[in-house]
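For reference, the structure discussed in these notes is given below.
First the proteins, then the strands, lettered A, B, ... as listed; each starts at 1.
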Number of protein chains: 2
Amino acid sequence: MELNTSTHIDGKVAGRPMEVPPRTVIIDEGDPARAVYRIQSGHVMLSKLLPDGRRQIFELLGPGSIFGVTPHERHDSVAESLTDTRISIFERSILERMPSFDNYIVHRLEIQICALHDHAVLLGRKTATERVSTYILNLAHSTHENENGPPPQALVIVPMTRSEIADYLGLTLETVSRAFSRLKRLGVISYERHDGPMRVALDRLGPLTGTYWT
Amino acid sequence: MELNTSTHIDGKVAGRPMEVPPRTVIIDEGDPARAVYRIQSGHVMLSKLLPDGRRQIFELLGPGSIFGVTPHERHDSVAESLTDTRISIFERSILERMPSFDNYIVHRLEIQICALHDHAVLLGRKTATERVSTYILNLAHSTHENENGPPPQALVIVPMTRSEIADYLGLTLETVSRAFSRLKRLGVISYERHDGPMRVALDRLGPLTGTYWT
DNA sequence: CGAAGAATTGAGGTTAATCAACGAGGGTGG
DNA sequence: CCACCCTCGTTGATTAACCTCAATTCTTCG
């Protein structure tokens, strides 16, 4: 936890920086909601636990995203780092006196809500294969952040375990594994080691996601 | 922050009022995102359509809620009135010059996101009975907006068809109907006519939702 | 009354969950 | 270094939940 690496939003100084190793709980359910967090680098996932152990991961957040924003006194979900992550922390009390941030926050919340809408469609109406295809395509999309149209091929690294992916997609880890195997057998994806790079045929994956992308 | 029957936010005048009859499309997918809407009274649902006709409803909004907020140029979902609804319309261009609204908007978006998180848990991890129980309980909760603790009983009117509920809960209309019948047989709910009032035993419904409520 | 839309119920099929076995790394300690 | 263990992933067999298809009833409205 180093101080004094200046962190900026919109060119303005702000935020106490923090470094987080992978698989670290940043916010736990029930924690008092004293601050808002912004991701500088790395990835964070948000989830909830049902009393009987069922878990649902509902957001995967990357650089620029904010989390810990809530209308309540306490956090109602868990925020956990996926990778090595750098975040900046903004005390709520300070934020309230900086309305200039509201623009940024509104913008990020808008993006977040759109993603949640798409995720609801996935959870409510897509088959297992469609869910996994969508997941892989989004993964490739987010890592390759490409300007001039997407290439037909991409190399991606899957940063989550099968079990985490399952909790994200509302499936079991076995079903996720079978979907990966199916896509591999179809030649749409290929990999030797599950933690190594995965080659993805983006153009063949698109039609399997159950979504139109223009 | 909760006010009012007239078309004001935070005491400031704003918004062109509009009356909308039930089952009316207010925003269609692809419409240019020129304005933001606030519900004065009534209820609105937001949904998306997959190319093959599958539909997912992901938000049910009541008085005070805003919709039409998006980071994009065009709307990517459908907003449709459920009941007779009065809304106020705020041109985006005007909003941008009224940062005093940002507080309100952030607050509403926070609430919206929490609801979407819960809904993701429902869609990803709950059984049919749990989904329908949760739906009914939320319905009762929202219509009875009770201060001094919830009563054990409540009368509610279900404002959606079985098909709409199904699209909201990620089920088929038959499964929804069966879940209603099951709850009726258990004596947790009772009704004579499906469009009439429904008696709900809130205390017996809670344990069926798969969630802890404190 | 008749027609159309909504809800209910039943029978049978399909998808994904569950239960279970096995294999491939990656640490740890002898 | 190797044996052991532990986690993660894959695959197979079976089960259960939900979907699909279909028939019937209820409700409203012209």
Side-chain angles (χ1 to χ4, degrees), chain A residues 21-23 50 52-57 80 82-83 122-136 157-186 189-198 208 210, chain B residues 21-23 50 52-57 82-83 122-136 156-186 189-198 208 210:
Chain A
R23 319 282 148 170
L50 293 188
D52 58 1
R54 286 175 287 180
R55 179 175 68 162
Q56 180 66 44
I57 298 170
E80 193 178 347
L82 223 37
T83 59
L122 179 147
L123 292 173
R125 287 298 178 225
K126 289 192 179 179
T127 67
T129 308
E130 287 173 340
R131 295 183 200 200
V132 172
S133 301
T134 304
Y135 173 74
I136 297 173
I157 291 179
V158 180
M160 295 161 77
T161 66
R162 297 288 184 264
S163 166
E164 285 167 345
I165 298 172
D167 284 344
Y168 183 50
L169 301 180
L171 301 168
T172 61
L173 66 94
E174 293 96 331
T175 302
V176 170
S177 183
R178 278 185 247 270
F180 269 95
S181 300
R182 199 174 308 130
L183 293 174
K184 201 177 179 183
R185 215 173 314 119
L186 287 172
I189 61 175
S190 65
Y191 55 93
E192 274 79 50
R193 312 161 71 331
H194 46 67
D195 53 349
M198 190 172 75
L208 299 177
Chain B
R23 320 281 150 171
L50 292 187
D52 58 2
R54 286 176 287 182
R55 179 176 69 161
Q56 180 67 44
I57 297 169
L82 220 40
T83 57
L122 179 148
L123 292 174
R125 287 299 178 225
K126 289 192 180 181
T127 67
T129 307
E130 287 173 340
R131 295 183 201 200
V132 172
S133 300
T134 304
Y135 172 75
I136 297 173
V156 300
I157 292 178
V158 180
M160 296 162 76
T161 66
R162 297 289 184 263
S163 166
E164 285 166 346
I165 297 171
D167 284 343
Y168 182 49
L169 301 179
L171 301 168
T172 60
L173 68 93
E174 293 95 332
T175 301
V176 171
S177 183
R178 278 185 249 271
F180 269 96
S181 300
R182 199 174 310 129
L183 292 174
K184 200 176 178 183
R185 215 175 313 119
L186 286 172
I189 61 176
S190 65
Y191 54 93
E192 273 80 49
R193 312 159 80 288
H194 38 64
D195 54 346
M198 188 171 75
L208 299 176

Report task. For nucleotides 10-17 of chain D, just jot down a letter per nucleotide in 5' to 3' order: B, S or -, based on protein non-hydrogen atoms under 4.0 Å. Result -> BBBB----
Nearest non-hydrogen partners of [X] and [Y], listed with the distance:
X         : Y         : result
Leu122(A) : Arg131(A) : O-NE, 3.5 Å
Ser133(B) : Leu208(B) : OG-CB, 3.6 Å
Tyr168(B) : Met160(B) : CB-CE, 4.1 Å
Thr175(A) : Ala128(A) : CG2-CB, 3.7 Å
Leu82(B)  : Glu164(B) : CD1-OE1, 4.1 Å

Query raised in the report: Earliest and latest nucleotide of DNA chain C, 5' to 3', sitting under 4.0 Å from a non-hydrogen atom of chain A?
Result: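 Contacts span dA16(C) to dG26(C), reading 5' to 3'.
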Requested in this report: Identify whether any heavy atom of Gly196(A) sits under 4.0 Å from a base atom; if not, whether one sits that close to sugar-phosphate; answer base, sugar-phosphate or nothing.
Outcome: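 Nothing: the residue Gly196(A), judged by heavy atoms under 4.0 Å, touches no strand.
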Report task. Scan for salt bridge (charged side-chain N to carboxylate O under 4.0 Å, His left out) pairs involving residues 175-184 of chain B, sequence neighbours excluded, and state none if there are none. Result ->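 For residues 175-184 of chain B: none.
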**Report entry** By side-chain hydrogen bond (donor to acceptor under 3.5 Å, both in side chains) - contacts of Arg162(B) (at least two apart)
**Finding:**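 side-chain hydrogen bond (donor to acceptor under 3.5 Å, both in side chains) check on Arg162(B) returns nothing, list empty.
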Query raised in the report: Could you go step by step and tell me if Tyr135(B) and Val158(B) meet the side chain to side chain contact (heavy atoms under 4.5 Å, CB included) rule?
Result: CA-CA 10 Å; Tyr135(B) 172 75; Val158(B) 180; 4.0 Å; yes
Query raised in the report: Would Asp167(B) and Arg125(A) count as a side chain to side chain contact (heavy atoms under 4.5 Å, CB included) if you check the C-alpha gap in whole Å, the side-chain angles of each, and the deciding distance to 0.1 Å?
Result: CA-CA 8 Å; Asp167(B) 284 343; Arg125(A) 287 298 178 225; 2.9 Å; yes
Report task. Starting at atom CE of Met160(A), determine the distance to atom P of dG9(D), rounded to an integer number of angstrom. Result ->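 Checked: the CE to P distance equals 11 Å.
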Query raised in the report: CG of Asp195(B) versus C1' of dC26(D): gap in Å, rounded?
Result: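 Asp195(B) atom CG is separated from dC26(D) atom C1' by 10 Å.
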**Report entry** Angle by which the axis turns from one end of the helix from dC1(C)-dG30(D) to dG30(C)-dC1(D) to the other, five pairs per end, to 10 degrees
**Finding:**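 Inter-axis angle at the ends, rounded: 30°.
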Report task. List in chain and number order the residues that pass side chain to side chain contact (heavy atoms under 4.5 Å, CB included) with Arg193(A), two or more places apart in sequence or in another chain; answer none if no residue qualifies. Result ->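 Listed in chain order: Asp195(A).
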